[in-house]
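Values reported hereafter were calculated over all heavy atoms of this structure, with side chains retained and with hydrogens, waters and symmetry mates removed.
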Amino acid sequence: MTVGARGPLKIPKHLQAVPDPGAAAGTVAERVDASAPPKPPGFPDDPEMAALWDAIVPELDRAGLLTRADGPTVELAIRHFLAARKAGNALQAGEVVLDDPAHGGTAKKNPAGAEMRSQSQLFLEYAKQLGMSFAARARMPAKDEQTEVNPFA
């Protein structure tokens, strides 16, 4: 707490004090070394999953967004992505269409549509946590030796 000439400063709650750059890292994320995780034990021997892992993990590691403990999270994200992709392909091909009894049996419904929506939503939740969405990246301060972190970002 900062103390002014007449006592504690009354800073509105939506504002934060600028951190002291000489102080130790303030969050656990700042204390944990960024490092690409290995594929977790039991990772499936699936060429699609392996290709996605090899495409995603190095980029997230290069951005400093991963630690060695993030392997299972990345695996789940990839699993949901692949499930959404398979459902989307089935939906596009029109493979399975069922009568919808809720609408008098006249409407047709492809169960892959619901599966794709569900898996896509789950993937996007993991993607946001991993910094894989454009909105998540826009909110992250850039950290490198040449650029100071903007305390107002």
Side-chain angles (χ1 to χ4, degrees), residues 13-103 105-153:
K13 289 182 181 182
H14 67 280
L15 298 177
Q16 295 178 349
V18 176
D20 177 9
T27 66
V28 172
E30 292 169 329
R31 293 181 204 143
V32 176
D33 291 332
S35 170
K39 289 178 184 168
F43 190 84
D45 187 22
D46 177 344
E48 279 186 291
M49 281 196 67
L52 283 168
W53 180 280
D54 293 341
I56 292 170
V57 169
E59 289 301 312
L60 292 175
D61 184 40
R62 192 173 63 81
L65 299 174
L66 292 175
T67 69
R68 293 188 56 79
D70 290 325
T73 305
V74 174
E75 180 185 344
L76 282 173
I78 292 171
R79 284 179 181 271
H80 287 297
F81 173 80
L82 285 175
R85 176 184 278 173
K86 288 175 185 174
N89 291 343
L91 186 63
Q92 188 174 14
E95 293 173 359
V96 178
V97 178
L98 305 172
D99 291 334
D100 184 3
H103 295 94
T106 58
K108 302 289 184 184
K109 192 180 268 188
N110 189 330
E115 181 68 10
M116 183 179 172
R117 283 189 299 278
S118 172
Q119 295 295 339
S120 296
Q121 185 177 17
L122 291 167
F123 167 72
L124 290 174
E125 288 302 316
Y126 283 101
K128 285 187 264 183
Q129 295 299 319
L130 289 166
M132 292 169 64
S133 72
F134 59 87
R137 287 189 302 275
R139 287 191 287 268
M140 286 183 221
K143 286 186 178 182
D144 59 29
E145 291 79 34
Q146 294 83 24
T147 308
E148 283 188 37
V149 175
N150 179 358
F152 303 105

Minimal non-hydrogen separation, Pro72 against Pro40, with atom names:
N-CG, 3.9 Å
Residues 35-56 vs ring pair (Phe, Tyr, Trp, His ring centres under 6.0 Å), sequence neighbours excluded, gives Phe43-Trp53
Residues which pass side-chain contact (heavy atoms from CB on, under 4.5 Å) with Thr67, listed by chain and number, not counting sequence neighbours:
Val32, Ala69, Asp70
Taking salt bridge (Lys or Arg N to Asp or Glu O under 4.0 Å) as the cut-off, I'd like each qualifying pair that reaches into residues 72-90, sequence neighbours left out, listed once.
Glu48-Arg85, Glu75-Arg79
Tell me every residue that passes side-chain contact (heavy atoms from CB on, under 4.5 Å) with Ala135, counting only those two or more places apart in sequence or in another chain.
Ser133, Arg139
For residues 56-66, which side-chain donor-acceptor pairs fall under 3.5 Å, sequence neighbours excluded?
residue	atom	partner	partner atom	Å
Glu59	OE1	Arg62	NE	3.4
Glu59	OE1	Arg62	NH2	2.9
Asp61	OD1	Ala36	N	3.1

Approximate separation, where rounding is to 0.5 Å, of Lys39 NZ and Ile78 CD1:
8.5 Å
Pair up each side-chain donor or acceptor in residues 118-125 with any protein partner under 3.5 Å, not counting sequence neighbours, and list the distances.
residue	atom	partner	partner atom	Å
Gln119	OE1	His80	ND1	2.6
Gln119	NE2	Glu115	OE2	3.0
Ser120	OG	Met116	O	2.7
Glu125	OE2	Lys128	NZ	3.0

